[in-house]
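Note sheet for the following structure.
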Amino acid sequence: MTSLYSNQSVTLYNSLSGEKELFKPILEGNVGMYVCGPTVYSNVHLGNVRTFMSFDMIFRYLKHLGYKVRYVRNITDAGHLTDDADEGEDKISKKARLEQIEPMEVVQQYTIDFHNILQKFNCLPPSIEPTATGHIIEQIEIIKEIIDNGYAYSENGSVYFDVLKFNENHNYGKLSGRLLEDMITNTRELTAQSEKKNPQDFALWKKAEQQHIMRWPSPWGDGFPGWHLECTAMSTKYLGEKFDIHGGGMDLKFPHHECEIAQSEASNGQDPVNYWLHANMLTLNGKKMSKSTGNNIFPAEIFSGESPFLTKGYSPSVARFFIMQAHYRSVLDFSNDALLASEKGFNRLMEAINLLSALPTSEKSSIDINSWIQSCYDAMNDDFNSPILIAQLFEAAKYIYQIKDGKASITQTDLEKFQSSIHAFVFDILGLEDLNIAAESNSDKLNGAIELLIQLRKEARSNKDFATSDQIRDQLLELGIQLKDGKEGTTFTFS
RNA sequence: GGUGUCGUGGCCGAGUGGCUAGGCUCAGCUCUGCAAAAGCUGCUACAGCGGUUCGAAUCCGCUCGACACCUCCA
């Protein structure tokens, strides 16, 4: 059997070229994908989640197409200075000092939170989730190579990447579209940069001061690795010197990803990545969500509704649906109104899908199922355009109601195809979950009780005892259980 | 100041040279004991000004505005 990917060709927007390109993996049938993970010194907010969700959707789609995907997403548990000055402190160390615990306790706590949250949003775990602290040796080796190749210098126990030297025969700035000379003329004045030859240089290794708790021995003395280096070390180790896809948030494009390219080229001479993908920001009140400014909203607040920005709580799947309704490269603004609209749309889609298995079949299909399926693939093949896919799914919902009402027809074979495709796109690729099914399966007793009330209400109605029937309906609604009268009887949902 | 992205109907969001996504809201209808729910129908927009073109939301120029990056951030 041939894989789907031989029929469905994916086009993706490559930040490096600024254009949509046909996706062709280095090794046919295999994809190596690296995504920059979180720095685990605080809880992830919804903006962080959006990026990981976007790449989860991409991961899911590539797998669906039959690619064997090795998805590597790191945990940054070391390095990462709070500022660029020489006195900059490691973020995790700082948090540990403030809370008077071990740095690895900080790391552990927020790594667990990160995993829990992503699981709630139904993100698949990556194939490999390496940590920066687990790859200190690899990082030191890369630094040695860069020094040997003449693109780094050590100074007072620290090692810096020599950007000017590198730019003499490489192109520093090719990813972010910057020119080094512009950067030099526009550099802001920063104090305490005495160790660097020039401000554009970045740290590969930082000397640890006496009080610094996260430290490792190295040829240059005790210290810790620079932030950009870990991704180069881990992507190279698990995906090779050249791999297919590198993803991350738009805000990492410069300097982080630019530095990764420079480090690879300076150490092994390879431009490391064929396709750079950048997920755009989630904004709140029109401004980027950010840990440092506090303009953010946390997943726990979404679920509980306990936030000044929300009127109620929303399920993880509704939040995921909301995010999937925008293209991953567009800025998306978070608001209660937008979430409310998504919730209604999401419920409508789920209700239509639940009708699928009970649809009547006919001798002929009046709907061209094959071309509908292809239109779903076309959407995803076009740079993972999930909003278009969702529009197609609502078209499918319309078909479902037409078939149900006898205004359209479908054969048994087509229905099976229709059903399996919808399931693939909604649950496997978009990663949505049907909450009513989940609710039904874990509360059989409650469901039985509600069914009983529905039966009693039905009897009351047939006796024209509307006082009783309305009491059952209204009081259940107050409890958050909504009865829905339809032609084939009464159903209910939890609101 | 530099680099980049973008400005779409009441709201959210696709599209990116002609065939006018989709969701929500709203209005009407169907169903109903009344509702709710659900379904159906309707609502023709592309910041402004020029230009290219038989034809532009879509390409080009200018103006205005927003956001992001240039300093840690997904």
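The P atoms of B/rC46 and B/rU8 are separated by 10 Å, rounded to the nearest whole Å. Separating the P atom of B/rC43 from that of B/rA21 is a span of 12 Å, rounded to the nearest Å. Comparing the same atom, P, in B/rC6 and in B/rG61 gives a spacing of 14 Å after rounding to whole Å. The gap from the P atom of B/rU5 to that of B/rC60 amounts to 11 Å, rounded to the nearest Å. When the C1' atom is used for both B/rC49 and B/rC64, the distance is 10 Å, rounded to whole Å. Rounded to a whole angstrom, the distance from the P atom of B/rU25 to that of B/rA68 is 30 Å. Spacing of P atoms, B/rA36 relative to B/rA45, comes out at 32 Å, to the nearest Å.
Side-chain atoms of A/D485 come within donor-acceptor range of the base of B/rA35, with a qualifying N/O pair under 3.5 Å. With hydrogens and angles ignored, a donor-acceptor pair closer than 3.5 Å exists between the side chain of A/D470 and the base of B/rG33. A donor-acceptor contact under 3.5 angstrom links the side-chain atoms of A/R473 to the base of B/rA35.
Interface residues of residues 459-467 of chain A facing RNA chain B, ordered by number: A/R461, A/F466; criterion, heavy-atom separation under 4.0 Å. Of the residues in residues 368-378 of chain A, none has a non-hydrogen atom less than 4.0 angstrom from any atom of RNA chain B.
Among the protein residues, A/K20 comes within range of no part of the nucleic acid, since none of its heavy atoms lies under 4.0 Å from any strand. Using a 4.0 Å heavy-atom distance criterion, A/K404 is classed as making no nucleic acid contact. Within the 4.0 angstrom heavy-atom criterion, only backbone atoms of the sugar-phosphate kind lie near A/G177; the bases stay farther away. Contacts of A/R50 with the nucleic acid, taken as non-hydrogen atoms under 4.0 Å apart, are absent. If you check every strand for non-hydrogen atoms under 4.0 Å, A/H278 touches nothing.
Considering A/R178, A/K253, A/K174 in turn, A/K174 is the only one that fulfils the side chain to side chain contact (heavy atoms under 4.5 Å, CB included) rule with A/E258.
We find that CG of A/L349 is positioned 14 Å from P of B/rG22, with the value rounded to whole Å. To the nearest angstrom, P of B/rA38 lies 8 Å from OH of A/Y401. B/rC69 atom C1' lies 8 Å from atom NZ of A/K288, rounded to whole Å. Rounded to whole Å, atom P of B/rA74 lies 7 Å from atom NE2 of A/H45. Taking atom CE on A/M380 and atom P on B/rG15, their separation rounds to 13 Å, with Å as the unit.
Distances from the side chain of A/K344 to the nucleotides B/rG22, B/rC70, B/rU25 place B/rU25 closest. Comparing atom distances between the A/D251 side chain and each of B/rC12, B/rC40, B/rC69 picks out B/rC69 as nearest. Of the listed nucleotides (B/rA37, B/rA68, B/rA14), B/rA68 has the atom at the smallest distance from the side chain of A/K287. When distances run from any side-chain atom of A/L332 to the nucleotides B/rC24, B/rG15, B/rG13, the shortest one goes to B/rG13. When distances run from any side-chain atom of A/P255 to the nucleotides B/rA14, B/rG22, B/rC70, the shortest one goes to B/rC70. Comparing B/rG22, B/rG33, B/rC40 by their nearest atom to the side chain of A/R457 picks out B/rG33.
Ring orientation note: the planes of A/F161 and A/F166 are nearly perpendicular, at an angle over 60° on the 30°/60° scale. Taking the six-membered ring for Trp and thresholds of 30 and 60 degrees, A/F224 and A/H212 have nearly parallel ring planes, at less than 30 degrees apart.
Between A/F243 and A/G32, the closest heavy-atom pair is CD1-O, 4.0 Å.
For the 3.5 Å distance criterion, the side chains of A/Q419 and A/H423 fail to qualify, holding no donor opposite an acceptor. When only modelled atom types and interatomic distance are considered, A/Q374 and A/D378 share a side-chain donor-acceptor pair under 3.5 Å. Under the 3.5 Å distance criterion, with hydrogens and angles disregarded, a donor-acceptor pair is assigned to the side chains of A/H135 and A/Y238.
Geometric assessment of A/R73 against the ring of A/F55 yields a negative cation-pi assignment under the 6.0 Å and 45° thresholds. Figure legend: A/K398 and A/Y401 shown without cation-pi pairing, the cationic atom not lying both under 6.0 angstrom from the six-membered ring centre and within 45 degrees of its axis.
Atom CG of A/D382 and atom CG of A/L389 lie 12.0 Å apart (nearest 0.5 Å).
No side-chain heavy atom of A/L483 sits less than 4.5 Å from a side-chain heavy atom of A/L453.
Heavy-atom nearest nucleotides on RNA chain B were determined for A/K291 and for A/I388, and the one closer to the 5' end corresponds to A/I388. When the nearest nucleotides of RNA chain B are assigned to A/P387 and A/K484 by heavy-atom distance, the more 5′-ward of the two goes with A/P387.
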Query - Steps toward ring pair (Phe, Tyr, Trp, His ring centres under 6.0 Å) verdict (A/F322, A/Y314) - result: CA-CA 11 Å; A/F322 162 70; A/Y314 300 89; 9.1 Å; no
**Report entry** A/F303 and A/F121: CA distance, side-chain angles, deciding distance, ring pair (Phe, Tyr, Trp, His ring centres under 6.0 Å) verdict
**Finding:** CA-CA 11 Å; A/F303 306 150; A/F121 284 112; 5.5 Å; yes
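Look at A/E343 and A/K312 and you find a salt bridge, because one of the NZ, NE, NH1 or NH2 atoms lies within 4.0 Å of a carboxylate O, short of that distance.
Remark: RNA chain B takes part in the stems B:1-7 with B:64-70, B:10-12 with B:22-24, B:26-30 with B:38-42, B:47-51 with B:59-63, each of 3 or more antiparallel Watson-Crick or G-U pairs, criterion distances under 3.5 Å.
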